[in-house]
Amino acid sequence: LVTVFPTPINQTSIATQIIYKVALPLALLIWLLPLLAVALTSVRSAGDITSGNYWGWPTSFNFIENYSAIFQNTPIGKYIWNSFRVTIPTVIGAVALSCMTGFALGVYRFKGNIAVFFMFVAGNFIPFQILMVPVRDLTVNMGMYNTTSGLALFHIAFQTGFCTLFMRNFIRALPFELIESARVEGVSEVRIFWFIVLPLMRPAIAALSVLIFTFIWNDYFWALVLTQGSDSQPITAGLYSLNGQWVSAWHLVSAGSIVAALPPVLMFFLMQRHFIAGLTLGAVK
(Lines give C-alpha, C1' and ligand atoms only; values in the text may rest on other atoms or scores of the structure.)
Protein backbone atom coordinates (compact mmCIF):
# COMPACT_ATOMS: atom_id res chain seq x y z
CA LEU A 1 0.00 0.00 0.00
CA VAL A 2 1.48 3.31 -1.11
CA THR A 3 0.33 6.43 0.72
CA VAL A 4 -0.04 9.46 -1.55
CA PHE A 5 0.40 12.88 0.00
CA PRO A 6 -1.64 14.94 -0.24
CA THR A 7 -4.58 12.58 -0.52
CA PRO A 8 -6.87 13.40 -3.49
CA ILE A 9 -9.97 15.19 -2.24
CA ASN A 10 -12.32 12.61 -3.78
CA GLN A 11 -10.69 9.90 -1.63
CA THR A 12 -11.22 11.71 1.67
CA SER A 13 -14.19 11.48 4.02
CA ILE A 14 -17.54 13.11 3.22
CA ALA A 15 -17.05 15.68 5.99
CA THR A 16 -13.65 16.69 4.60
CA GLN A 17 -15.10 17.08 1.10
CA ILE A 18 -17.90 19.29 2.42
CA ILE A 19 -15.44 21.47 4.34
CA TYR A 20 -13.26 21.72 1.23
CA LYS A 21 -16.17 22.73 -1.02
CA VAL A 22 -17.25 25.41 1.46
CA ALA A 23 -13.78 26.73 2.30
CA LEU A 24 -12.52 26.99 -1.29
CA PRO A 25 -15.07 29.59 -2.49
CA LEU A 26 -14.63 31.55 0.75
CA ALA A 27 -10.84 31.61 0.38
CA LEU A 28 -11.19 32.66 -3.25
CA LEU A 29 -13.60 35.46 -2.29
CA ILE A 30 -11.25 36.74 0.43
CA TRP A 31 -8.36 36.70 -2.04
CA LEU A 32 -10.36 38.56 -4.69
CA LEU A 33 -11.95 41.06 -2.28
CA PRO A 34 -9.22 43.75 -2.58
CA LEU A 35 -9.26 43.42 -6.37
CA LEU A 36 -13.03 43.75 -6.45
CA ALA A 37 -12.80 46.80 -4.17
CA VAL A 38 -10.30 48.46 -6.53
CA ALA A 39 -12.48 47.64 -9.54
CA LEU A 40 -15.56 49.14 -7.88
CA THR A 41 -13.65 52.20 -6.68
CA SER A 42 -12.41 52.82 -10.22
CA VAL A 43 -15.99 53.47 -11.37
CA ARG A 44 -17.17 55.44 -8.33
CA SER A 45 -17.83 59.16 -8.38
CA ALA A 46 -15.76 61.61 -6.35
CA GLY A 47 -18.83 62.16 -4.16
CA ASP A 48 -18.81 58.52 -3.06
CA ILE A 49 -15.18 58.82 -2.00
CA THR A 50 -15.80 62.06 -0.11
CA SER A 51 -18.83 60.65 1.72
CA GLY A 52 -16.87 57.55 2.79
CA ASN A 53 -18.69 55.07 0.58
CA TYR A 54 -15.70 52.78 0.08
CA TRP A 55 -17.30 49.35 0.30
CA GLY A 56 -20.93 50.06 -0.51
CA TRP A 57 -22.50 49.85 -3.94
CA PRO A 58 -21.60 52.92 -6.05
CA THR A 59 -24.33 55.54 -6.28
CA SER A 60 -23.33 56.06 -9.92
CA PHE A 61 -21.06 54.26 -12.35
CA ASN A 62 -18.55 56.71 -13.85
CA PHE A 63 -16.67 54.22 -15.99
CA ILE A 64 -16.17 56.42 -19.03
CA GLU A 65 -15.61 59.59 -16.99
CA ASN A 66 -12.95 58.12 -14.68
CA TYR A 67 -11.00 56.16 -17.29
CA SER A 68 -11.04 59.02 -19.79
CA ALA A 69 -9.99 61.48 -17.06
CA ILE A 70 -6.79 59.61 -16.24
CA PHE A 71 -5.68 59.84 -19.87
CA GLN A 72 -6.84 63.41 -20.41
CA ASN A 73 -5.85 65.04 -17.12
CA THR A 74 -2.86 62.98 -15.97
CA PRO A 75 0.43 61.84 -17.59
CA ILE A 76 -0.47 58.16 -17.27
CA GLY A 77 0.28 57.63 -20.95
CA LYS A 78 3.90 58.69 -20.35
CA TYR A 79 4.16 56.42 -17.31
CA ILE A 80 2.90 53.42 -19.30
CA TRP A 81 5.31 54.19 -22.14
CA ASN A 82 8.17 54.43 -19.63
CA SER A 83 7.21 51.02 -18.24
CA PHE A 84 7.45 49.52 -21.72
CA ARG A 85 10.78 51.28 -22.29
CA VAL A 86 12.12 49.62 -19.14
CA THR A 87 10.41 46.22 -19.26
CA ILE A 88 10.90 45.17 -22.88
CA PRO A 89 14.69 45.83 -23.01
CA THR A 90 15.05 44.09 -19.65
CA VAL A 91 13.23 40.98 -20.85
CA ILE A 92 15.26 40.85 -24.08
CA GLY A 93 18.59 41.56 -22.36
CA ALA A 94 18.15 39.24 -19.36
CA VAL A 95 16.78 36.32 -21.40
CA ALA A 96 19.44 36.68 -24.13
CA LEU A 97 22.30 36.78 -21.61
CA SER A 98 20.89 33.90 -19.60
CA CYS A 99 20.55 31.72 -22.71
CA MET A 100 24.29 32.14 -23.36
CA THR A 101 25.41 31.80 -19.74
CA GLY A 102 23.04 28.88 -19.18
CA PHE A 103 24.48 27.15 -22.26
CA ALA A 104 28.06 27.70 -21.09
CA LEU A 105 27.39 26.51 -17.54
CA GLY A 106 25.10 23.65 -18.55
CA VAL A 107 27.08 22.15 -21.42
CA TYR A 108 30.76 22.76 -20.69
CA ARG A 109 32.57 20.99 -17.86
CA PHE A 110 35.42 23.23 -16.73
CA LYS A 111 37.18 23.93 -13.46
CA GLY A 112 35.26 26.50 -11.48
CA ASN A 113 31.92 25.79 -13.18
CA ILE A 114 30.09 25.41 -9.89
CA ALA A 115 31.82 28.49 -8.43
CA VAL A 116 30.77 30.66 -11.38
CA PHE A 117 27.25 29.24 -11.22
CA PHE A 118 27.14 29.98 -7.49
CA MET A 119 28.12 33.61 -8.16
CA PHE A 120 25.09 33.98 -10.43
CA VAL A 121 22.78 32.35 -7.91
CA ALA A 122 24.21 34.08 -4.81
CA GLY A 123 22.86 37.46 -5.88
CA ASN A 124 19.31 36.17 -5.48
CA PHE A 125 19.89 35.64 -1.75
CA ILE A 126 20.96 39.23 -1.06
CA PRO A 127 18.15 41.48 0.23
CA PHE A 128 17.85 44.03 -2.54
CA GLN A 129 17.00 46.83 -0.11
CA ILE A 130 20.59 46.94 1.17
CA LEU A 131 21.74 47.76 -2.38
CA MET A 132 19.64 50.92 -2.52
CA VAL A 133 22.35 53.45 -1.60
CA PRO A 134 25.29 51.98 -3.61
CA VAL A 135 23.12 51.39 -6.69
CA ARG A 136 21.72 54.91 -6.56
CA ASP A 137 25.20 56.39 -6.13
CA LEU A 138 26.48 54.27 -9.02
CA THR A 139 23.75 55.46 -11.38
CA VAL A 140 24.39 59.09 -10.35
CA ASN A 141 28.14 58.74 -10.97
CA MET A 142 27.50 57.11 -14.35
CA GLY A 143 25.06 59.86 -15.36
CA MET A 144 22.20 57.37 -15.67
CA TYR A 145 20.10 58.43 -12.70
CA ASN A 146 16.50 59.26 -13.55
CA THR A 147 16.69 57.57 -16.95
CA THR A 148 14.78 54.58 -18.28
CA SER A 149 17.99 53.14 -19.75
CA GLY A 150 19.70 53.23 -16.34
CA LEU A 151 16.74 51.47 -14.71
CA ALA A 152 16.64 48.88 -17.50
CA LEU A 153 20.38 48.16 -17.21
CA PHE A 154 20.07 47.65 -13.47
CA HIS A 155 17.16 45.23 -13.93
CA ILE A 156 19.09 43.31 -16.61
CA ALA A 157 22.05 42.93 -14.27
CA PHE A 158 19.90 41.94 -11.30
CA GLN A 159 17.62 39.51 -13.17
CA THR A 160 20.37 37.70 -15.11
CA GLY A 161 21.27 35.63 -12.04
CA PHE A 162 17.79 34.17 -11.65
CA CYS A 163 17.45 33.70 -15.41
CA THR A 164 20.79 31.88 -15.56
CA LEU A 165 19.66 29.51 -12.81
CA PHE A 166 16.46 28.81 -14.77
CA MET A 167 18.19 28.32 -18.15
CA ARG A 168 21.14 26.31 -16.87
CA ASN A 169 18.90 23.78 -15.17
CA PHE A 170 16.68 23.59 -18.25
CA ILE A 171 19.65 22.97 -20.59
CA ARG A 172 21.08 20.33 -18.24
CA ALA A 173 17.81 18.39 -18.68
CA LEU A 174 18.14 18.32 -22.49
CA PRO A 175 19.53 15.13 -24.12
CA PHE A 176 23.29 15.66 -24.30
CA GLU A 177 23.51 13.11 -27.13
CA LEU A 178 22.23 15.77 -29.55
CA ILE A 179 25.22 17.99 -28.80
CA GLU A 180 27.67 15.12 -28.93
CA SER A 181 26.38 13.92 -32.31
CA ALA A 182 26.62 17.46 -33.69
CA ARG A 183 30.21 17.72 -32.52
CA VAL A 184 31.04 14.41 -34.19
CA GLU A 185 29.70 15.85 -37.43
CA GLY A 186 32.03 18.82 -37.05
CA VAL A 187 29.40 21.44 -36.21
CA SER A 188 30.84 24.51 -34.47
CA GLU A 189 29.82 25.39 -30.92
CA VAL A 190 28.10 28.57 -32.09
CA ARG A 191 25.95 26.65 -34.58
CA ILE A 192 25.19 24.01 -31.97
CA PHE A 193 23.88 26.71 -29.68
CA TRP A 194 21.95 28.57 -32.39
CA PHE A 195 20.46 25.70 -34.39
CA ILE A 196 20.17 22.85 -31.88
CA VAL A 197 19.95 24.10 -28.30
CA LEU A 198 18.14 27.41 -28.79
CA PRO A 199 15.09 25.93 -30.64
CA LEU A 200 14.68 23.42 -27.81
CA MET A 201 14.71 26.29 -25.30
CA ARG A 202 11.63 28.03 -26.73
CA PRO A 203 9.24 26.84 -23.98
CA ALA A 204 11.72 27.95 -21.31
CA ILE A 205 12.28 31.30 -23.06
CA ALA A 206 8.52 31.90 -23.24
CA ALA A 207 7.97 30.98 -19.59
CA LEU A 208 10.91 33.07 -18.42
CA SER A 209 9.83 36.05 -20.54
CA VAL A 210 6.39 36.07 -18.92
CA LEU A 211 7.91 35.86 -15.43
CA ILE A 212 10.48 38.62 -16.02
CA PHE A 213 7.91 40.85 -17.75
CA THR A 214 5.63 40.54 -14.72
CA PHE A 215 8.47 41.10 -12.22
CA ILE A 216 9.78 44.24 -13.91
CA TRP A 217 6.42 45.73 -14.81
CA ASN A 218 5.23 45.41 -11.20
CA ASP A 219 8.47 46.70 -9.67
CA TYR A 220 7.87 49.66 -7.38
CA PHE A 221 10.95 49.88 -5.17
CA TRP A 222 13.62 50.51 -7.82
CA ALA A 223 11.29 52.62 -9.92
CA LEU A 224 10.91 54.91 -6.91
CA VAL A 225 14.63 54.90 -6.01
CA LEU A 226 16.18 55.38 -9.46
CA THR A 227 13.63 57.59 -11.24
CA GLN A 228 11.45 60.62 -10.60
CA GLY A 229 8.99 62.59 -12.68
CA SER A 230 6.87 61.62 -15.67
CA ASP A 231 9.81 61.71 -18.11
CA SER A 232 11.32 58.47 -16.79
CA GLN A 233 9.15 57.04 -14.01
CA PRO A 234 7.25 53.78 -14.69
CA ILE A 235 3.56 53.40 -14.06
CA THR A 236 3.96 51.69 -10.67
CA ALA A 237 5.74 54.69 -9.17
CA GLY A 238 3.69 57.22 -11.13
CA LEU A 239 0.27 56.08 -9.92
CA TYR A 240 0.48 58.21 -6.80
CA SER A 241 0.73 61.34 -8.93
CA LEU A 242 -2.85 60.71 -10.06
CA ASN A 243 -3.96 62.01 -6.66
CA GLY A 244 -4.95 65.63 -6.48
CA GLN A 245 -2.81 68.17 -4.64
CA TRP A 246 -5.34 68.78 -1.89
CA VAL A 247 -7.89 65.96 -2.26
CA SER A 248 -7.13 62.24 -2.63
CA ALA A 249 -8.62 61.13 -5.96
CA TRP A 250 -8.74 57.43 -5.12
CA HIS A 251 -11.22 56.72 -7.90
CA LEU A 252 -8.62 57.90 -10.43
CA VAL A 253 -5.81 56.00 -8.69
CA SER A 254 -7.93 52.84 -8.79
CA ALA A 255 -8.73 53.35 -12.47
CA GLY A 256 -5.03 53.87 -13.15
CA SER A 257 -4.22 50.67 -11.22
CA ILE A 258 -6.60 48.67 -13.39
CA VAL A 259 -5.04 50.11 -16.56
CA ALA A 260 -1.53 49.40 -15.20
CA ALA A 261 -2.45 45.76 -14.51
CA LEU A 262 -3.71 45.06 -18.03
CA PRO A 263 -0.35 44.58 -19.89
CA PRO A 264 1.01 41.76 -17.67
CA VAL A 265 -2.41 40.09 -17.61
CA LEU A 266 -2.64 40.22 -21.40
CA MET A 267 0.97 39.03 -21.63
CA PHE A 268 0.16 35.99 -19.53
CA PHE A 269 -2.95 35.02 -21.51
CA LEU A 270 -1.19 35.49 -24.85
CA MET A 271 1.76 33.34 -23.72
CA GLN A 272 -0.23 30.97 -21.51
CA ARG A 273 0.27 27.88 -23.68
CA HIS A 274 4.04 28.37 -23.83
CA PHE A 275 4.19 29.34 -20.16
CA ILE A 276 2.49 26.15 -18.99
CA ALA A 277 4.59 24.06 -21.39
CA GLY A 278 7.75 25.59 -19.95
CA LEU A 279 6.73 24.88 -16.38
CA THR A 280 5.67 21.27 -16.97
CA LEU A 281 8.30 20.22 -19.52
CA GLY A 282 10.23 17.26 -18.14
CA ALA A 283 7.90 16.77 -15.20
CA VAL A 284 7.09 13.16 -16.15
CA LYS A 285 10.57 12.06 -17.24
- Message: Any side-chain to backbone donor/acceptor pair from N66 onto S42? Under 3.5 Å, distance only.
- Response: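 Flag set: sc N66 to bb S42 pair under 3.5 Å.
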- Note, R183 side chain near I192 side chain (heavy atom, < 4.5 Å): yes
- Query: Under 4.5 Å between any side-chain heavy atoms of L28 and L32, yes or no?
  - Reply: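 They are in contact (side-chain heavy atoms under 4.5 Å apart), so the answer is yes.
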- Task: Could you tell me how the ring of F84 sits relative to the ring of F213: parallel (under 30°), tilted (30 to 60°) or perpendicular (over 60°)?
- Result: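 The rings of F84 and F213 sit tilted, inter-plane angle from 30° to 60°.
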- Query: Which heavy atom of I171 sits nearest a heavy atom of C99, and at what distance?
  - Reply: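 So the two residues come closest at CD1-O, 4.2 Å.
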- Message: Please determine whether side-chain contact (heavy atoms from CB on, under 4.5 Å) holds for the pair L239 and S257, giving the CA-CA distance in whole Å, both sets of side-chain angles, and the decisive distance to 0.1 Å.
- Response: CA-CA 7 Å; L239 279 176; S257 301; 3.6 Å; yes
- Message: Rounded to the nearest 0.5 Å, what separates atom NE2 in H155 from atom CZ in F215?
- Response: 12.5 Å
- Query: Between atom OG1 of T236 and atom CD1 of I216, what is the distance when rounded to the nearest 0.5 Å?
  - Reply: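 If we round to the nearest 0.5 Å, T236:OG1 and I216:CD1 are 10.0 Å apart.
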- Counterpart residues, salt bridge (Lys or Arg N to Asp or Glu O under 4.0 Å), relative to R136 (two or more places apart): none
- Message: Can you list everything that forms a salt bridge (Lys or Arg N to Asp or Glu O under 4.0 Å) with E65? Sequence neighbours excluded, please.
- Response: none
- Message: With side-chain contact (heavy atoms from CB on, under 4.5 Å) as the criterion, how do T214 and M267 come out once you've worked through the C-alpha distance, each side chain's angles and the decisive distance to 0.1 Å?
- Response: CA-CA 8 Å; T214 305; M267 175 73 171; 5.8 Å; no
- Message: Checking F120 against T160 for the side-chain contact (heavy atoms from CB on, under 4.5 Å) test, could you report, in this order, the C-alpha distance in whole Å, the side-chain angles of both residues, the deciding distance, and whether it holds?
- Response: CA-CA 8 Å; F120 278 100; T160 299; 4.2 Å; yes
- Query: Where do N82 and R85 land on the side chain to side chain donor-acceptor pair (under 3.5 Å) test, with the steps shown first?
  - Reply: CA-CA 5 Å; N82 291 338; R85 290 169 62 191; 3.3 Å; yes
- Task: Report the C-alpha separation of T101 and T164 in whole Å, then their side-chain angles, then the decisive distance to 0.1 Å, and conclude whether the side chain to side chain donor-acceptor pair (under 3.5 Å) test is met.
- Result: CA-CA 6 Å; T101 55; T164 298; 2.9 Å; yes
- Message: With side-chain contact (heavy atoms from CB on, under 4.5 Å) as the criterion, how do M201 and V197 come out once you've worked through the C-alpha distance, each side chain's angles and the decisive distance to 0.1 Å?
- Response: CA-CA 6 Å; M201 294 169 61; V197 176; 3.5 Å; yes
- Apply the side chain to side chain donor-acceptor pair (under 3.5 Å) test between S232 and each candidate in T147, T227, N146; give the one that qualifies.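 Passing option: N146.
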- Output the rest of the hydrophobic cluster of Y220: all Ile, Leu, Val, Met, Phe, Trp and Tyr residues reachable through side-chain heavy-atom contacts under 4.5 Å, sorted by chain and number.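 Result for Y220 is L224.
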- Message: Checking F158 against F154 for the ring-ring contact (aromatic ring centres under 6.0 Å, His included) test, could you report, in this order, the C-alpha distance in whole Å, the side-chain angles of both residues, the deciding distance, and whether it holds?
- Response: CA-CA 6 Å; F158 201 81; F154 166 77; 5.6 Å; yes
- Task: For residues F63 and Y67, establish whether the separation of their ring centroids is below 6.0 Å.
- Result: yes
- Query: With a 3.5 Å cut-off and no angle check, do the side chains of T16 and S13 form a donor-acceptor pair?
  - Reply: yes
